[in-house]
Amino acid sequence: MPDRFAQKLLTWYDQHGRHDLPWHHNQNAYRVWVSEIMLQQTQVATVIPYFEAFMARFPDVQALASAPVDDVLSHWSGLGYYARARNIHKAARQVVEEFGGEFPEDQEQLESLTGIGRSTAAAIIAQAFGKRAAILDGNVKRVLARYHAIPGWPGQTKVLKQLWQHAEEHTPDERVRDYTQAIMDLGAMVCTRSRPDCQACPVQPGCTAYAAGETGLYPGSKPKKEKPEKTTWMLILEDREGRILLERRPPSGIWGGLWSLPELDPAYGTEELQEACQQKLGLDCAEPELIAGFRHTFSHYHLHIQPARLTVTGQSSVADSDNQRWLHRDQALTAGLPAPIRTLLTQPEQNALL
DNA sequence: AAAACGTGGTT
DNA sequence: TAACCAAGTTT
């Protein structure tokens, strides 16, 4: 029995879907891949300018593979989830070395590439190769959770398994490319998180949640947890030439691999800052000047950032290396900084804690 | 299995 | 103001 779900969706898509997003033009596996990675947990409007700039700088997988990772990171600066940038660079090299520069069309081989999971692999297969594969992103989860009234939070394995099951069932053999885009568009434009426009929905007649008047119950919400509060010193170390010291952050953890300001343990008191700079960095500094601290909220904790400005008085004993660089402000801003650090350096007053 | 991983928009 | 969360994957 043919699945009417897909047919109705496709008819709706022809009239109302989004047909000209940047990655729909000159569509190939590389462009689909880059867009899919950028779009992970990131809204379309946010991605568009990043996608355009990224494509201009890295037009194909060879260009990306042969670029320095710092170039990739700087193009990712402000997008968040920087593991994606490290992974996309690594995966580009995998494609060149293990697959001769051509993306494999096989789901399992695609998933062997760093940063490509089940849904992203399926998106590439469907969008770039036009072959049947089921995706399950946030939009599809919402549509299917409502259509089939699946209780529970999709983060639970049991719920996720059911959703994948339905995603597979609904995916048609024909027009997979359009279907994949259609179901995401439906979730983004009609079956929205709040106030879904059920009157405009092509699959409303079969929707279990709508029939019960309970679209608001699906998908189940994530259990909430307390966000821990953390604190750190952020040092704006300025030498006699007006340059600022940047440090590369560790490859894992928050802002992994990005350039940022040197941090110091919050256990140090204000009066111990000078000494700590001498001990940990070998830098002689004048009295620290505290500037407006602020709280930055991540998805899983709050971070109190307390910036301190210190002028380096002696000869700088820190030479440029792979992990430390002295840069003038303008250069520093092009280095690929985390968004809050960029704000701190450009408009420190904006963060002021009241 | 659950936590980690960012930022900006929406409510 | 702050919770909630978006074209998820990795550990």
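Computed over heavy atoms, backbone and side chain alike; hydrogens, waters and symmetry mates excluded. All chains are named by letter (A, B, ...) in the order of the sequence lines, taking the proteins before the strands, and each is independently numbered beginning at 1.
- For Trp23(A) and Phe51(A), the distance between ring centers is under 6.0 angstrom.
- No contact: Glu111(A) has no heavy atom under 4.0 Å from any strand.
- On the C1' atoms, dG6(B) is 15 Å away from dC4(C), given to the nearest whole Å.
- Within the 4.0 angstrom heavy-atom criterion, base atoms lie near Trp23(A).
- Here the P atom of nucleotide dT9(C) and the NE2 atom of His89(A) are 21 Å apart, to the nearest Å.
- Between the P atom of dC5(B) and the CZ atom of Arg86(A) lies a distance of 10 Å, rounded to the nearest Å.
- When rounded to the nearest whole Å, the span between NZ of Lys227(A) and C1' of dA3(C) equals 7 Å.
- With both ends at atom C1', the span from dT11(C) to dA1(B) equals 11 Å, rounded to whole Å.
- A donor and an acceptor atom, one from each side chain of Glu169(A) and Gln165(A), are located under 3.5 Å apart.
- Two residues, Gly115(A) and Leu39(A), neighbour DNA chain C, and the one matched to the more 5' nucleotide by heavy-atom proximity is Leu39(A).
- Base engagement by Leu21(A) is indicated by at least one non-hydrogen atom pair under 4.0 Å involving a base atom.
- Judged as a side chain to side chain donor-acceptor pair (under 3.5 Å), and not counting sequence neighbours, Ser35(A) has no contacts.
- Taking the C1' atom of each, dA7(C) and dA2(B) are spaced 23 Å apart, rounded to whole Å.
- Arg342(A) comes within contact range of no nucleotide atom at all, as no heavy-atom separation falls under 4.0 Å.
- Rounded to whole Å, the distance from CG on Asp185(A) to P on dA7(C) is 10 Å.
- A straight line from CD1 of Ile88(A) to P of dG8(C) spans 15 Å, rounded to a whole angstrom.
- Geometrically, Arg118(A) engages Trp164(A) in a cation-pi contact, judged by NZ or CZ lying under 6.0 Å from the ring centre and within 45° of the ring axis.
- We find the OG1-CD1 distance between Thr171(A) and Ile135(A) to be 8.0 Å, quoted to the nearest 0.5 Å.
- Once rounded to the nearest 0.5 Å, the distance linking CG of Leu310(A) with CG of Leu237(A) reads 5.5 Å.
- Seen from the ring of Tyr301(A), Lys230(A) counts as a face-on cation partner, given the 6.0 Å and 45° thresholds.
- Whole-Å rounding puts the Ile116(A) CD1 to dT10(C) P distance at 9 Å.
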Shorter than 3.5 Å, N or O on both sides, protein versus nucleotides 7-11 of chain B: list them out with atom names.
from, atom 1, to, atom 2, distance (Å)
dT7(B), OP1, Tyr82(A), OH, 2.8
dT7(B), OP1, Ala339(A), N, 2.8
dT7(B), OP2, Trp255(A), NE1, 3.1
dT7(B), O3', Gly78(A), O, 3.4

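- Aromatic ring centres of Phe298(A) and His296(A): separated by under 6.0 Å.
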What pairs of nitrogen or oxygen atoms, one from the protein and one from nucleotides 2-4 of chain B, lie under 3.5 Å apart?
from, atom 1, to, atom 2, distance (Å)
dA3(B), OP1, Lys225(A), NZ, 2.4
dA3(B), OP2, Lys225(A), NZ, 2.4

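- Contacts of Ser35(A) with the nucleic acid, taken as non-hydrogen atoms under 4.0 Å apart, are absent.
- Contact check, Lys224(A) against dC4(C): a side-chain N or O comes under 4.0 Å of OP1 or OP2.
- Counting heavy atoms of neighbouring residues, nucleotides and ligands inside a 6.0 Å radius, atom CD of Glu229(A) exceeds 12 of them.
- Rounded to a whole Å, the OH atom of Tyr301(A) is 9 Å from the C1' atom of dC5(B).
- For Glu174(A), the CD atom sits in a loose shell: 12 or fewer heavy atoms of surrounding residues, nucleotides or ligands are nearer than 6.0 Å.
- As a whole-Å value, the separation of Arg84(A) CZ from dT11(C) C1' is 18 Å.
- Judged by distance alone, with hydrogens and angles left aside, Arg295(A) brings no side-chain donor or acceptor close enough to the base of dA2(C) to form a pair under 3.5 Å.
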